Protein chains: 2
Amino acid sequence: MQDQNISSPTLRRLPTYLNYLKSLPKDHPENISSAVIASALGLGEVQVRKDLACVCNKGKPKIGYIIKDLINCLEEFLGYNSTTNAVIVGAGKLGKALLDYVGFENYGLNIVAAFDKNPALQGKTETGKNIYILDKFEEVCKRLNIKIGIITVPAENAQEACDLMVKNGIVAIWNFAPVHLKVPDGVIIQHENIAASLALLSKRLPERINA
Amino acid sequence: MQDQNISSPTLRRLPTYLNYLKSLPKDHPENISSAVIASALGLGEVQVRKDLACVCNKGKPKIGYIIKDLINCLEEFLGYNSTTNAVIVGAGKLGKALLDYVGFENYGLNIVAAFDKNPALQGKTETGKNIYILDKFEEVCKRLNIKIGIITVPAENAQEACDLMVKNGIVAIWNFAPVHLKVPDGVIIQHENIAASLALLSKRLPERINA
DNA sequence: TAGATTGTTAATCGATTAACAATC
DNA sequence: TAGATTGTTAATCGATTAACAATC
């Protein structure tokens, strides 16, 4: 267990387990079996056991897993207990929405500020976060030792934003622009592809439904 | 070709090809090879050919593919040329952001309105879209024959919203709430899992980076 | 024709599922 | 002990990659 190389499908399911376990009523018995988790989430029970084995203490035959322990180790593993700073480049609608979204704190992500080329966007958001002009990017990143960047600029400016991030020591980029970004080895990109999700949704429709 | 059962990974890549092809400069030759596409997007060239073969006319040896044709058939296949109506349940920040996001029109999705339990949210958004009280849900869905629903309510209300959608004939649900939804056979769910993306991003980091 | 580039067939790789022995 | 539930080993399934014949 604690295998360094957990597969992407497993990694994607871990937050789902955590959400489910946290949603259980308080009067639920303190233990739970893989079969119950599996059926609630529409997964296979062996899959649940294998996924949990990557991250958590062993379950016990006949008893299953202690819910409290599972929650703890999932949160620990996913880094929800500690906080990582991040910055946004692109303070349009999406950028601002992410900047002001308080839910990220539960996921261990603290977005400290956003940056935009457009000086008119400078100022503070509803929740008091700063929007700076892009010129300040280097200074803020260096000062706060930022390692995670979020790109919410239009597609045509995304590579440019990405290069700026890489130049300033950012090693993980969450890209909301619909383009493939080129980065040097060692920098990782997570592409948030809303068009792809939509494609998946509408193509899996029983028949095409057009208005 | 035109295989009815295109795999999810392929389906997810199709919008990427389309974006890339559309981003090519106007003075680009009218044809392009799978090798060029592959290297631009960081994919294998056989993969590109196989993906395109699912959807498009054949390429020609020595010449490759005609860009204009590829764009046309990808748009056609992905349904970007026709429009499907959808509704949102949950008019909080995320719901409103999606409702006002004009980019969906390029993807063939027309969000006609949002609904919320809270009567105080009734009215029109910046872009003139309607937010109705949830009581109006049935009437609007029936009248416009809505088949796609988007859920942006808090986790604890998501199943309820989902049930309401199913009851009113919605057959495809795009779920932004972090819960697994139970639906009858024939209804499809596309789960937009932001926590999962974040998990993937931070776990793939070379070392854990905490501030 | 010769060469580039395609589509296809076979091999590999990785994830899921099934079977089952271990154990509380 | 008997039974429930686990972790593990082997089998299956599906996607990617490699090899290669087809063809403009």
Side-chain angles (χ1 to χ4, degrees), chain A residues 1-14 16-17 21 28-70 73-74 180 191 193 196 199-200 203-204, chain B residues 1-14 16-17 21 28-70 73-74 180 191 193 196 199-200 203-204:
Chain A
M1 98 182 109
Q2 237 66 348
D3 190 333
Q4 290 308 85
N5 292 335
I6 297 183
S7 76
S8 291
T10 295
L11 215 37
R12 293 193 142 267
R13 285 188 294 266
L14 295 180
T16 310
Y17 297 129
L21 294 168
H28 190 280
E30 67 173 7
N31 55 329
I32 193 167
S33 75
S34 59
V36 171
I37 299 175
S39 113
L41 299 177
L43 303 171
E45 49 180 291
V46 181
Q47 187 165 67
V48 172
R49 289 201 290 275
K50 281 208 165 168
D51 285 347
L52 294 179
C54 295
V55 173
C56 292
N57 298 323
K58 298 204 166 193
K60 286 185 184 159
K62 175 114 176 183
I63 293 170
Y65 302 84
I66 307 299
I67 295 171
K68 192 157 55 72
D69 291 353
L70 279 187
C73 71
L74 282 167
H180 175 79
H191 193 165
N193 195 345
L200 228 50
K203 272 301 157 185
R204 283 162 56 221
Chain B
M1 103 181 103
Q2 236 69 347
D3 188 334
Q4 291 307 85
N5 292 335
I6 296 183
S7 75
S8 291
T10 295
L11 215 37
R12 293 193 142 267
R13 284 188 296 266
L14 295 180
T16 311
Y17 297 130
L21 294 168
H28 190 279
E30 67 174 6
N31 55 327
I32 195 167
S33 75
S34 59
V36 171
I37 298 175
S39 113
L41 299 177
L43 302 171
E45 49 180 291
V46 181
Q47 187 165 67
V48 172
R49 288 201 291 275
K50 281 208 164 166
D51 285 347
L52 294 178
C54 295
V55 174
C56 292
N57 298 323
K58 298 204 166 192
K60 286 185 184 156
K62 175 115 175 176
I63 292 169
Y65 302 84
I66 307 299
I67 295 172
K68 191 157 55 72
D69 291 353
L70 280 187
C73 71
L74 282 167
H180 175 79
H191 192 166
N193 195 343
L200 229 48
K203 270 302 157 186
R204 283 162 56 222

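Predicted, not measured: the structure shown is a model, and the values here were computed from it. By convention in this document, chain letters (A, B, ...) are assigned in the order of the sequence lines, proteins followed by strands, and residues within each chain are numbered from 1.
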Tell me whether B:Asn31 contacts the main-chain N or O of B:Ile63 through its side chain, where contact means a donor paired with an acceptor under 3.5 Å. yes

Residue pair B:Ile63/B:Lys50 against DNA chain C: nearer the 5' end by closest nucleotide is B:Ile63

Rounded at 0.5 Å granularity, tell me how far CG in B:Leu14 sits from SG in B:Cys73. 9.5 Å

How far apart are the closest heavy atoms of A:Ile67 and A:Pro29, and which atoms are they? CD1-O, 3.4 Å

Provide the start and end nucleotides, 5' to 3', of the part of DNA chain D that has atoms under 4.0 Å from heavy atoms of chain A. D:dG3 to D:dA10

Assess the residue pair A:Leu70 and A:Tyr17 against the criterion (side-chain contact (heavy atoms from CB on, under 4.5 Å)); give the C-alpha distance rounded to whole Å, side-chain angles, the decisive distance to 0.1 Å, and a yes or no. CA-CA 9 Å; A:Leu70 279 187; A:Tyr17 297 129; over 6 Å; no

Could you tell me whether B:Lys60 contacts a base, only the sugar-phosphate backbone, or nothing, with contacts defined as non-hydrogen atoms closer than 4.0 Å? sugar-phosphate

Stepwise side-chain contact (heavy atoms from CB on, under 4.5 Å) check, A:Ile6 with B:Lys203: CA-CA 9 Å; A:Ile6 297 183; B:Lys203 270 302 157 186; over 6 Å; no

What verdict does the side-chain contact (heavy atoms from CB on, under 4.5 Å) test give for A:Leu43 and A:Arg13, after you've listed the backbone C-alpha separation in whole Å, the side-chain angles of each residue and the deciding distance to 0.1 Å? CA-CA 10 Å; A:Leu43 303 171; A:Arg13 285 188 294 266; 3.9 Å; yes

Indicate, with a heavy-atom threshold strictly under 4.0 Å, whether B:Ser34 touches base, sugar-phosphate, or nothing. sugar-phosphate

Can you work out whether A:Thr10 or B:Tyr65 has the more 5'-proximal nearest nucleotide on DNA chain C? B:Tyr65

Dot-bracket for DNA chain C, 5' to 3', Watson-Crick and G-U pairs with both distances under 3.5 Å, [ ] for crossing pairs, | for partner on another strand, reads ..||||||||||||||||||||||

Looking only at non-hydrogen atoms, find the nearest pair between B:Tyr65 and B:Arg49 and report the distance. OH-CG, 3.6 Å

With rounding to the nearest 0.5 angstrom, report the CD to OG distance, A:Gln47 to A:Ser34. 11.5 Å

